Structure formats: structure tokens, C-alpha cells
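As the structure is a prediction and not an experimental result, all values here were calculated from the model. Along the sequence shown, the residues carry numbers beginning at 1.
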Amino acid sequence: MERNIIISEFNYGLPEDRIAKFPLEKREASKLLLYRHGQVSHDRFYNIDDYLPEGSMLVFNNTKVIRARLIFHKTTGARIEIFCLEPYSPADYERAFSAKNCSEWKCIVGNLKKWKTGPLHIDVEIDGEPIRLTAERIENDRSENDNLCVTPADKVKSDIDKNSPVNTTGDNSQIIRFSWNGTLTFGQLLEKLGKIPIPPYLCRESEEVDNTRYQTVYSKFEGSVAAPTAGLHFTPEIISSLKENGHPVSEVTLHVGAGTFLPVKTDNAAEHKMHTEHFEITLDTVRMLIANYGNVVAVGTTSVRTLESLPALGYRIIVSGIPDENKMVGQWEIYDIPEKYSGKMLLETLAGYMEKNDMQKIKAATCIMIMPGYSFRIVDCIITNFHQPQSTLLLLVSAFVGGNWRTIYDYALANGFRFLSYGDSSLLLP
């Protein structure tokens with residue numbers, strides 16, 4: 001595949017008033033654009049079952065958005081906002097959220113120039129208990145022996161971080177050590193003190209409505225700083241109806257990073273450095289993908305990225321005998337898998353390895369970049385929102401619909417569709 005994609009060819013005019021700044025009153029009332037074999041029409045999302053392929057399996061991303069924004073104030077009154085991107089020590093999300101007294105995170109700091117030295121504090125009373133949360137900046141090049149929050153069992157830094165070609169956002173992130181008194185975990189502190197990190201293009205502060213509506217109804221595992229927005233249209237009733245009508249349903253977990261909002265700034269999109277995102281999939285879901293191969297619907301681009309990363313793990317097993325899950329799936333790794341290995345064969349290889357090694361789930365990370373010219377191995381249908389101009393997600397959509405993205409977006413613009421995270425949805429069947 002020739003990796004020479006001119007990003008300016010993926011631009012379109014998006015008027016400010018077409019960006020949905022707030023969710024609709026009802027999730028399922030959004031418009032649904034239908035792209036089926038080159039033809040475009042539309043309906044409402046609550047009728048989506050009328051258009052899904054018969055018996056198709058839906059794969060949801062069950063990640064949960066964390067209240068990642070913490071607001072501190074210096075004694076001078078200067079406001080310092082700390083945006084928690086991903087755990088640094090412990091590096092695992094589950095242990096980071098359950099940590100008590102100390103946790104270190106990779107963060108973006110707003111108004112960093114005002115925070116020269118010294119710690120920041122938030123003093124608050126929670127359930128009658130006085131709490132002081134302290135934030136301190138840590139040098140990125142400090143030695144492992146300086147890592148005060150790590151127990152001996154946690155001492156090894158993940159190869160995922162070491163092999164990452166860029167940091168999570170493409171900006172200069174900071175390592176922040178949070179420490180606090182009391183019995184609360186860091187996850188509980190975020191829930192009490194943090195704010196939901198709604199997308200920057202909404203140009204507003206988060207409000208009470210965002211606490212529930214910027215989460216999918218099936219969100220379970222905390223770790224995302226952005227919602228898998230294609231899932232925001234689903235209700236428990238719609239999911240139950242899909243199951244009753246013969247659609248198998250399963251879930252993956254991919255924690256969405258702030259890098260999802262990064263525009264492509266290079267003229268040649270192939271020179272863009274993709275961000276890294278962590279994912280997890282169970283053996284049961286891999287087995288379901290094999291059983292339903294050829295009829296898989298990915299709910300959202302995050303589900304797409306997870307599913308299309310799995311062949312890389314299967315191919316590693318064929319080549320070296322192990323999936324090497326601590327090494328992230330590289331930006332171009334999925335393109336280098338020989339065509340003779342079908343997606344089903346690679347899933348079967350992965351499932352066989354997991355069964356042999358008694359692995360009920362596998363955790364890994366990916367920075368794959370799906371763009372025109374890519375041949376999808378797992379995903380047959382996509383449910384997705386409408387994405388920003390010149391974004392990697394628009395490149396993914398273009399790859400899936402054979403370059404016909406402009407027909408879809410012109411139709412959406414001409415027919416009153418709402419765009420981006422709180423906007424309307426589309427069902428893509430090439």
C-alpha cells in the first residue's frame with residue numbers, strides 16, 4: 001500500500017452551528033444516516049434494527065469516561081487545571097484508581113506557566129472527612145528509585161509506554177504525583193472532585209447533563225478521557241430489542257485518549273504520529289467474533305481500532321509463538337500482515353493461544369492508523385458519528401467506504417444532521 005495521503009483532500013466546511021453543543025433530550029431520537037452499498041438515505045436511530053444485517057453481531061466499547069479534570073488554585077488565586085490522561089504509577093488503570101494516599105499520572109496542565117514550583121492543594125470535606133489533595137510536578141527523567149508511589153511488584157514500567165512513538169496527546173505532558181490523606185481511593189476522589197472532560201470544540205464548561213449523557217448506558221470500566229460517542233445513541237431498551245431480534249452483543253474495552261482530538265497537521269497524513277490507546281478483550285468475545293465472522297458490526301471507531309488490532313496479535317503468535325501483548329500494536333503493523341492470513345484464521349490463532357494458556361482476557365495497546373488503502377479483516381459494518389475535517393477518524397471512515405466519504409458528509413450537511421460528539425449517527429454498509 002502506498003502511504004501517501006494528502007490530508008487537504010479530507011477537508012470540508014463545518015459551520016459552527018452544525019456542531020451539536022448539547023445532547024438531544026432523548027438519546028435514541030438522533031438522526032441516522034444510512035449508507036448502504038453506495039446509496040444514502042436517513043431515518044431515526046430508534047429504527048436502527050430495521051437496517052442492520054440479519055443476525056449481525058454488535059461490538060460495543062464499554063469504557064467509562066473519568067472525571068479527569070481537576071481544578072486547583074494557587075495562593076495567588078491563579079487557576080491551574082490538571083487533566084489526567086493516563087496512569088503512570090501504578091501504570092495499570094485498575095490499580096491506579098484503587099490506589100490510596102498516592103498515585104502518579106501523565107497529565108496536561110492548563111496555565112502551566114503560572115505553576116513554577118511547589119505543590120498545589122485542594123482542601124475539601126467529603127462525607128464528614130477532611131481531605132487535602134496535593135499535586136506535585138515530577139521530573140520526567142527521574143530514576144526508578146525516585147518513584148515513590150511504586151511497590152516492588154509495580155516497579156516495572158510498561159513496554160507500551162517505552163515503545164510509544166509519541167506521548168498520548170502530541171503535547172508536552174507532565175508527570176503529576178497526587179497524594180492525599182484519608183481512606184478514599186484515587187478513583188473516589190476523582191468522582192468527588194473532578195469534572196467530566198467534554199470535547200474542546202464544544203467551547204463550554206461541563207454541566208450537570210454531561211455527567212450522564214457523556215457516558216454510554218453500558219459503560220463499565222473507567223479509563224477514558226473522551227466518550228466512545230457512537231454508543232451515546234443506544235438505550236437499554238434498544239439493546240434489549242436487538243438481542244431479542246437475534247443480534248449477538250459483546251463488548252471490548254478501549255480507553256479513549258485525548259489524542260483522539262488531535263488534527264492531522266502534516267501534509268501527508270501518513271507522517272502523522274498516532275496516539276496510543278489501551279484495550280482489553282475477553283476470550284469469550286474472540287470466540288463470538290469467530291462464530292459470527294463476516295457479520296460483525298463495530299459500534300464506534302474505538303471498537304473498530306480494537307477489533308482491527310487483533311489480527312496483529314494473531315500474526316505475532318504465528319511468527320514468534322507469542323502475542324507479545326506488552327509491545328503495542330504499531331502504527332503500520334496491521335498493513336504488513338500477509339494477505340493469505342484471513343481475519344478469521346488470525347482470530348482462531350489468538351483464541352487457541354488464550355485457551356492453551358488459560359487466559360480469559362488479554363490486555364494490549366494500539367496506535368494503528370487506518371486510512372484509505374487498508375483492507376478490513378474483522379469489521380463488516382460501522383455505526384459512527386460525524387467526525388472533524390482532516391482527522392484520523394475521517395480517514396478511517398473513508399477507508400471503510402472506499403473513498404466515498406464526501407458523498408456521505410455532503411448528504412449530512414444538506415439534510416440538517418448534527419456533527420461531532422453530541423451529534424447524529426450513521427450506519428455504514430459498504
Worksheet item: Can you list every salt bridge (Lys or Arg N to Asp or Glu O under 4.0 Å) pair that touches residues 381-405, not counting sequence neighbours?
Response: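 Output for this query is empty, none listed.
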Worksheet entry | Selection residues 390-405 - residue pairs positive for salt bridge (Lys or Arg N to Asp or Glu O under 4.0 Å), sequence neighbours left out |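 Matches after skipping sequence neighbours: none remain.
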List the atom pairs, with distances to 0.1 Å, where a side-chain N or O of residues 388-396 and a protein N or O form a donor-acceptor pair under 3.5 Å, not counting sequence neighbours.
residue : atom : partner : partner atom : Å
Ser391  : OG   : Gln388  : O            : 2.7
Ser391  : OG   : Leu394  : N            : 3.2

Worksheet item: Looking at residues at least two apart in the chain, or sitting in another chain, which of them share a side-chain hydrogen bond (donor to acceptor under 3.5 Å, both in side chains) with Ser179?
Response: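 Scan of Ser179 (side-chain hydrogen bond (donor to acceptor under 3.5 Å, both in side chains), adjacent residues dropped) gives none.
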Discussion item. Checking His121 now: which residues fulfil side-chain hydrogen bond (donor to acceptor under 3.5 Å, both in side chains) with it, not counting sequence neighbours?
Written reply: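 side-chain hydrogen bond (donor to acceptor under 3.5 Å, both in side chains) list for His121, sorted by chain: Thr134.
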Listed partners of [X] passing ring-ring contact (aromatic ring centres under 6.0 Å, His included), at least two apart:
X	result
His233	Phe45
Phe83	none
Tyr353	none
His255	Tyr93

Discussion item. Test of understanding: with salt bridge (charged side-chain N to carboxylate O under 4.0 Å, His left out), list the residues that count as partners of Arg18, not counting sequence neighbours.
Written reply: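 None.
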Worksheet entry | Set of salt bridge (charged side-chain N to carboxylate O under 4.0 Å, His left out) partners for Glu222, sequence neighbours left out |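 Counting only residues at least two positions away or on another chain, Glu222 forms no salt bridge (charged side-chain N to carboxylate O under 4.0 Å, His left out).
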Worksheet entry | ring-ring contact (aromatic ring centres under 6.0 Å, His included) evaluation trace for Trp115 with Phe72 | CA-CA 11 Å; Trp115 186 15; Phe72 290 80; 7.4 Å; no
Discussion item. Between Arg44 (side chain only) and Ala29 (backbone N and O only), is there a donor and an acceptor less than 3.5 Å apart?
Written reply: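 Indeed, once roles are kept as given, a pair shorter than 3.5 Å links the two residues.
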Discussion item. With a 3.5 Å distance limit and no angle check, can you tell me whether Arg316 reaches the backbone of Ile322 through a side-chain donor-acceptor pair?
Written reply: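 Checked: no pair found.
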Fill in: Residue pair Trp405, Phe400: steps toward the ring-ring contact (aromatic ring centres under 6.0 Å, His included) verdict
CA-CA 9 Å; Trp405 71 271; Phe400 193 71; over 10 Å; no
Please set out all donor-acceptor pairs under 3.5 angstrom arising from side-chain atoms of residues 416-430, sequence neighbours excluded.
residue : atom : partner : partner atom : Å
Arg418  : NH1  : Tyr422  : O            : 3.0
Arg418  : NH2  : Phe22   : O            : 2.6
Ser421  : OG   : Tyr201  : OH           : 2.4
Tyr422  : OH   : Asp210  : OD1          : 2.7
Asp424  : OD1  : Lys31   : N            : 3.0
Asp424  : OD2  : Arg418  : N            : 2.7
Ser426  : OG   : Thr384  : O            : 2.9

